[in-house]
Amino acid sequence: MRIVFMGTPDFSVPCLRRLLQDGHEVVGVFTQPDKPKGRGYALTPPPVKTEALQHGLSVFQPKSMRDGEALGILKELRPDLNIVVAYGKILPADILNLPMYGSVNIHASLLPKYRGSAPIQWCILNGETKTGVTSMQMDEGVDTGDMLLHAETPIPIDMTSGELHDVLSEMGAQVLSDTVRAIEAGKLQAIPQTGETCYAPMLTKTLCPIDFTKSALQVHNQVRGLSPWPAATAELAGKRVKIFKTALGGETSAAPGQIVACSDTIDVACGDGHTVCISELQLEGKKRMSAHDFLTGHSVTAGEYFQ
RNA sequence: CGCGGGGUAGAGCAGUUGGUAGCUCGUCGGGCUCAUAACCCGGAGGUCGUGUGGUUCAAGUCCCACCCCCGCAA
């Protein structure tokens, strides 16, 4: 099977690897253009590009998929199937429908819930207890295509987005492998998406500041949903602190935001009379470290407030 | 040349107007205790990111270059 792979971030990499491992002929890889990233605006290639080049694959990084040029390239590649995994661009119908088997997408949620670009994080932010990966036959809408296969996984109460990302990334590769095999065998039935839908938009920094008047569970979900990126934040003694890891604590009568204990973890009172126990954090300009290490060098005392 | 913070004992930090380093945790030994993550006493452990650089009688502390880490912004 001649396959064109379209993907960009780390999440896509296991899928690409799996296609190669399964012996498919990856005739081309589309990925986002290199972008200025990080300090000094160093031009950084997306992870899929790096991986593709290591395997000697042809890489294409068009700015637009709608100007005819991309379609021309695709025609020359003559794929039997397009595989799209977190590519980051909305594809027009002529691109999607060019291959004999059309285009298949791997999405990190149980569709039709959590369509959009940040399904992993929103599942955790909303406190979902299970999620999964779905493959679908793409149409022009955003994650609205008919569903092919899916796999489920529970979300433990302390799992972070980063951890779930890695799990779903591998699961996605497996679902993809199964999907392609089933397509080749011609025994796959597409199921229209029905039922409750919701949308998982891109994360923004406005989600980061913690409001300790919310319940401990809400704060905890915010922290793990935004961990490791972009990370929930709070202010302590005028400095911004990123918070990466918390656990649900016991009851307290302290005011929201007040630190009630700081021996091994930093326990903060929330709005519902319970605490969250911070175990991993990062002060602006400093490295990420455990609460224990943080407390060793910084004098934090019970009674202080997070804002 | 996007803006900014930082590299000092295993870890996290301090180090004032330049005079060869200190705190907390950990660690090792001893003590107290029914017991302990608690407490007491004592010890080990650092060529202060690199340059065999510059200034100086003297630099962790000032100047220069380079390497690395991090926050913002993208």
Side-chain angles (χ1 to χ4, degrees), chain A residues 7-13 30-50 59 61-65 86-90 116-118 120-122 158 160-163 165 200-212 219 222-252 257 259-268 275-307:
Chain A
T8 301
D10 287 319
F11 184 83
S12 319
V13 171
F30 281 70
T31 191
Q32 296 270 4
D34 294 6
K35 283 181 180 160
K37 269 185 83 177
R39 290 174 280 278
Y41 291 110
L43 213 54
T44 309
V48 163
K49 178 183 181 181
T50 307
V59 173
Q61 299 177 278
K63 274 210 306 280
S64 167
M65 294 301 274
Y87 179 40
K89 286 187 188 302
I90 297 176
S117 52
I120 300 170
Q121 292 86 342
W122 280 104
D158 286 322
T160 64
S161 286
E163 292 159 356
H165 169 280
M202 251 181 346
L203 300 178
T204 64
K205 289 168 300 181
T206 56
L207 296 167
C208 294
I210 295 175
D211 175 2
F212 285 103
V219 172
Q222 180 182 0
V223 167
R224 63 200 189 99
L226 299 177
S227 175
W229 190 90
T233 60
E235 240 180 68
L236 182 64
K239 286 185 178 169
R240 178 156 35 178
V241 178
K242 284 187 179 179
I243 296 170
F244 292 98
K245 196 94 185 170
T246 53
L248 294 170
E251 294 184 26
T252 178
I259 296 171
V260 298
C262 46
S263 51
D264 209 44
T265 58
I266 302 172
D267 302 353
V268 188
T275 62
V276 288
C277 309
I278 300 170
S279 58
E280 207 172 327
L281 69 168
Q282 178 175 30
L283 192 63
E284 57 178 285
K286 292 295 192 178
K287 283 186 188 169
R288 177 175 170 174
M289 65 184 80
S290 69
H292 181 267
D293 283 352
F294 181 83
L295 290 168
T296 301
H298 300 84
S299 58
V300 176
T301 50
E304 285 186 65
Y305 279 87
F306 270 109
Q307 281 154 4

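These numbers were taken from a predicted model, which means no experiment stands behind them. Numbers restart at 1 for each chain; the letters A, B, ... are given by sequence-line order, proteins then strands. FYI, side chains are in, hydrogens and waters are out, and symmetry mates aren't considered; it's all heavy atoms of this structure.
In this structure, A:L281 atom CG and B:A11 atom P are separated by 18 Å, rounded to whole Å. Spacing between atom CD1 of A:I278 and atom P of B:G12 amounts to 19 Å, rounded to whole angstrom units. Taking atom NE2 of A:H298 as the reference point, atom P of B:A11 lies 16 Å away to the nearest angstrom. Rounded to whole angstrom, the span from the CD atom of A:E235 across to the P atom of B:C72 amounts to 13 Å. Protein atom CE of A:M202 is 12 Å distant from nucleotide atom P of B:A74, rounded to whole Å. Nucleotide B:C13 holds its P atom 9 Å from the NZ atom of A:K287, rounded to whole Å. The nearest whole Å value for the distance from the CG atom in A:D264 to the C1' atom in B:U24 is 14 Å. Note: CD (A:E284) to C1' (B:G5) measures 8 Å, nearest angstrom.
The side chain of A:M289 has B:C13 as its nearest neighbour among B:G71, B:C13, B:A74. Distances from the side chain of A:T296 to the nucleotides B:A73, B:G12, B:G71 place B:G12 closest. Taking only side-chain atoms of A:Q282, from C-beta outward, the nucleotide of B:C69, B:G71, B:A74 with the closest atom is B:G71. Ranking B:A11, B:A74, B:C13 by closeness to the A:D293 side chain, first place goes to B:A11. Checking B:C72, B:A74, B:G12 against the side-chain heavy atoms of A:K242 singles out B:C72 as nearest. Taking the side chain of A:K286 as heavy atoms from C-beta on, and the options B:G6, B:C72, B:A73, the nearest nucleotide is B:G6.
When the C1' atom is compared between B:C69 and B:U36, the two are found 38 Å apart, to the nearest whole Å. Separating the C1' atom of B:C68 from that of B:C62 is a span of 23 Å, rounded to the nearest Å. Remark: the separation of the P atoms in B:A58 and B:A65 is 23 Å, to the nearest Å. Rounded to a whole angstrom, the distance from the C1' atom of B:C67 to that of B:A21 is 25 Å. For the P atom pair drawn from B:C23 and B:A59, the interatomic distance equals 24 Å after rounding to whole Å. Separation of the P atoms belonging to B:C40 and B:G5 is 39 Å when rounded to the nearest angstrom. Straight-line distance between the C1' atoms of B:G51 and B:A14: roughly 27 Å, to the nearest whole Å. For B:C34 and B:C28, the P atoms lie 24 Å apart once the distance is rounded to whole Å.
No donor-acceptor pair under 3.5 Å is formed between the side chain of A:E235 and the backbone N or O of A:P209. Here the side chain of A:T31 pairs a donor or acceptor atom with the backbone of A:G7 at under 3.5 angstrom. A:Q32 places a side-chain N or O within 3.5 Å of a backbone atom of A:G88 that can act as its donor or acceptor partner. Formation of a donor-acceptor pair under 3.5 Å by the A:S161 side chain with backbone atoms of A:G225 is found in this model. Between the A:E284 side chain and the A:R240 main chain, a donor and an acceptor come within less than 3.5 Å of each other. Not a single donor-acceptor pair under 3.5 Å links the side chain of A:Q121 to the backbone N or O of A:H165.
Applying the Watson-Crick and G-U wobble criteria (two distances, each under 3.5 Å), B:C72 pairs with B:G2. Within the shown strands, B:G31 is the pairing partner of B:C39 under the Watson-Crick or G-U definition, both distances less than 3.5 Å. Across all strands shown, B:G46 forms no Watson-Crick or G-U wobble pair with both distances under 3.5 Å.
A:K239 comes within 4.0 angstrom of no nucleic acid atom, judged by non-hydrogen atoms across all strands. Nucleic acid contact class of A:R240 (heavy atoms, under 4.0 Å, all strands): sugar-phosphate only.
For A:K205, no side-chain nitrogen or oxygen approaches OP1 or OP2 of B:C72 to under 4.0 Å.
Along RNA chain B, the nucleotide nearest to A:H292 and the one nearest to A:G285 differ in position, and the one closer to the 5' end is contacted by A:H292.
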Could you check A:I210 against A:F306 for side-chain contact (heavy atoms from CB on, under 4.5 Å), going step by step and ending with a plain yes or no?
-> CA-CA 9 Å; A:I210 295 175; A:F306 270 109; over 6 Å; no
